Amino acid sequence: MSRTLTPDQIADAAARLNTAEDTRRQIGLLSLQHPAMTLDDAYAIQSAQMAQKLAGGRSVIGWKIGLTSKVMQDALGIDTPDSGVLYDDMLFQDAGTVPAGRFIQPRVEAEFAFVMKSALDGEVTRDDVLAATDYVAPSLEILDTRILRADPATGTTRKIVDTVSDNAANAGIVLGRQKQDPAAFDLAWTGAIVRCNDEIVATGLGAAVLGDPVTGIVWLARRMHQYGQKIEPGQIILSGSFIAPIECPSGTRIRADFGPFGEVSVSFD
């Protein structure tokens, strides 16, 4: 591992991010404060956040995979996805409503959610992932940013280390009601039509997620093993978005129609 931050700097960044989430007040770019910080530093900050949240009574319900599309990776100058943690207070009901003021700058993406029945750890294969999956459901991921998207003084935009430190921008999940057998669908050819306030604003196929959404979970199991973590039975894994994020100001209604696979929706007060 390659780290440049001290344990105190990691703990401080994690505490500031957790406070930003609680108060809805963003902090400045960590990549400007610590220009030499690495991805290992960023994941250490994410893990420190997790320790602080668990100490505060929250529990982990799963993991998210992000930056799975070639377009998003090219935009950030990277060649790998990232990942974040799903907590119990992030789960919203299908067709439910997000209260006004819950998030800072919410956006939404459409993706497949894998619910696991067995653990996954280390050098797993595609077949291992499918065997460990209980079911797959349509889902929406709610994104938020506890770190400024751009520095107001210089115009410098966030880097991958900022996004990973900020729990991969994860803020919420809406899980559809349908429980599908992943072997019954070619997920690369399964996708969704996404409507915002009844207007079609995005369409996409699962192939946009590393060619196959299952591939992301293979990557996640291997990435987590490097940091002494693993996917546990019962956890939800968001496999990565196949559409660009949709801004969701107050009054927004989102519905993702996955055709025969199912649908999922959420509204923002």
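Note that this is a predicted model, so its numbers are computed, not measured.
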Tell me whether Asp40 contacts the main-chain N or O of Arg3 through its side chain, where contact means a donor paired with an acceptor under 3.5 Å. no
Nearest 0.5 Å please: distance from the NZ atom of Lys64 over to the OG atom of Ser139. 11.0 Å
Connecting only ILVMFWY residues whose side-chain heavy atoms lie within less than 4.5 Å of each other, what is the rest of Ile193's hydrophobic cluster? Ile200
Are the side chain of Asp41 and the backbone of Leu5 linked by a donor-acceptor contact shorter than 3.5 Å? yes
If we ignore hydrogens and angles and just use 3.5 Å, is the side chain of Thr157 paired with the main-chain N or O of Ala150 as donor and acceptor? no
Any carboxylate oxygen within less than 4.0 angstrom of a Lys/Arg side-chain nitrogen, looking at Arg255 and Asp198? no
Does the side chain of Val60 reach to within under 4.5 Å of the side chain of Leu54, using non-hydrogen atoms? yes
Kindly write out the residues that satisfy side chain to side chain contact (heavy atoms under 4.5 Å, CB included) with Thr133, not counting sequence neighbours, or none if the list is empty. Phe114, Met116, Val129, Val136, Pro182
Between the side chains of Ser239 and Glu111, does any donor sit under 3.5 Å from an acceptor? no
Kindly compute the distance separating OG (Ser59) from CG (Asp88), expressed to the nearest 0.5 Å. 3.5 Å
Going by distance alone, is a donor N or O of one side chain under 3.5 Å from an acceptor N or O of the other, for Thr19 and Asp22? no
Residue pairs passing the salt bridge (Lys or Arg N to Asp or Glu O under 4.0 Å) test where at least one lies in residues 239-250, sequence neighbours excluded: Arg149-Glu247
Are any of the side-chain heavy atoms of Thr125 and Val218 separated by less than 4.5 Å? no
Test of understanding: with side-chain hydrogen bond (donor to acceptor under 3.5 Å, both in side chains), list the residues that count as partners of Asp121, not counting sequence neighbours. His225
Write down the atom of Phe261, the atom of Ala137, and the distance for their closest heavy-atom approach. CE2-C, 3.6 Å
Derivation and outcome, side chain to side chain contact (heavy atoms under 4.5 Å, CB included), residues Lys230 and Gln235: CA-CA 10 Å; Lys230 67 178 180 179; Gln235 289 187 336; over 6 Å; no
Which heavy atom in Gln180 sits nearest to a heavy atom in Pro260, and how many Å separate them? NE2-O, 3.6 Å
Decide salt bridge (charged side-chain N to carboxylate O under 4.0 Å, His left out) for Arg107 and Asp144; before the verdict, give the C-alpha distance in whole Å, the side-chain angles of both, and the deciding distance to 0.1 Å. CA-CA 7 Å; Arg107 297 179 292 166; Asp144 202 10; over 6 Å; no
Tell me whether the rings of Phe242 and Phe112 are parallel (<30°), tilted (30 to 60°) or perpendicular (>60°). tilted
Across all chains, not counting sequence neighbours, the side-chain hydrogen bond (donor to acceptor under 3.5 Å, both in side chains) partners of Ser250 are none
With sequence neighbours left out, the residues meeting side chain to side chain contact (heavy atoms under 4.5 Å, CB included) with Thr6 are Asp8, Gln9
Can you tell me if Thr145 uses its side chain to pair, donor with acceptor, with the backbone of Leu148 under 3.5 Å? no
If you link ILVMFWY side chains whenever their heavy atoms are less than 4.5 Å apart, which other residues fall into the same cluster as Leu205? By chain and number, please. Trp189
Sequence neighbours excluded, the answer for side-chain hydrogen bond (donor to acceptor under 3.5 Å, both in side chains) partners of Arg102 is none
Shortest non-hydrogen contact from Ala256 toward Ala110: CB-CB, 4.4 Å
Assess, by modelled atom type and distance only, whether the side chains of Asp269 and Thr97 contain a donor and an acceptor separated by less than 3.5 Å. no
With no hydrogens and no angle check, just 3.5 Å: does a side-chain donor-acceptor pair link Arg223 and Ser83? yes
Determine whether a donor-acceptor pair (N or O, by modelled atom type, separation under 3.5 Å) exists between the side chain of Glu263 and the backbone of Phe258. no
Run the salt bridge (Lys or Arg N to Asp or Glu O under 4.0 Å) test against Arg58 and tell me which residues pass, sequence neighbours left out. Glu21, Asp89
Cluster link Ile243 to Leu187, ILVMFWY, side chain under 4.5 Å: yes
Tightest non-hydrogen contact, residues Val161 and Ser31, listed as CG2-CB, 3.9 Å
Hey, does the side chain of Asn167 reach the backbone of Ala169 with a donor-acceptor pair shorter than 3.5 angstrom? no
Applying side chain to side chain contact (heavy atoms under 4.5 Å, CB included), run through Arg222 and Trp219 and close with a yes or a no. CA-CA 5 Å; Arg222 295 174 179 176; Trp219 171 86; 6.0 Å; no
How would you list all residue pairs meeting ring pair (Phe, Tyr, Trp, His ring centres under 6.0 Å) that involve residues 15-60, not counting sequence neighbours? Tyr43-Tyr227
What's the verdict on side chain to side chain contact (heavy atoms under 4.5 Å, CB included) for Ile231 and Leu220, showing C-alpha distance, side-chain angles and the deciding distance? CA-CA 8 Å; Ile231 297 169; Leu220 178 65; 3.9 Å; yes
Between CG on residue Leu67 and OG1 on residue Thr163, distance to nearest 0.5 Å: 6.5 Å
Determine whether Leu120 and Asp128 make a side-chain contact, defined as any pair of heavy atoms from C-beta on separated by less than 4.5 Å. yes
If you apply the rule side chain to side chain donor-acceptor pair (under 3.5 Å), what do you find for Ser241 with Glu141, and how did you get there? CA-CA 8 Å; Ser241 178; Glu141 180 184 2; over 6 Å; no
Starting from the C-alpha separation in whole Å, work towards a yes-or-no answer on side chain to side chain contact (heavy atoms under 4.5 Å, CB included) for Cys196 and Thr252. CA-CA 7 Å; Cys196 176; Thr252 299; 3.6 Å; yes
Just so I know, are the side chains of Thr203 and Val194 near enough to count as touching, which here means a heavy-atom distance under 4.5 Å? no
Between Leu86 and Leu238, is any pair of side-chain heavy atoms under 4.5 Å apart? yes
CZ-CD1 distance between Arg24 and Ile104, expressed to the nearest 0.5 angstrom: 7.5 Å
Return the set of residues passing side-chain hydrogen bond (donor to acceptor under 3.5 Å, both in side chains) with Gln46 (not counting sequence neighbours), or none when no residue passes. none
Check whether any side-chain heavy atom of Leu30 lies under 4.5 Å from a side-chain heavy atom of Leu17, and answer yes or no. yes
Return yes if some donor-acceptor pair links the side-chain N/O of Asp212 with the main-chain N/O of Thr215 below 3.5 Å, else return no. no
Using the salt bridge (Lys or Arg N to Asp or Glu O under 4.0 Å) rule, collect all pairs that involve residues 162-179, keeping only residues at least two apart or in two chains. Asp94-Arg177, Arg146-Asp166
So if you build clusters from Ile, Leu, Val, Met, Phe, Trp, Tyr with side-chain heavy-atom gaps below 4.5 Å, do Ile160 and Trp63 land together? yes
From CE (Met50) to CD1 (Ile45), nearest 0.5 Å: 13.5 Å
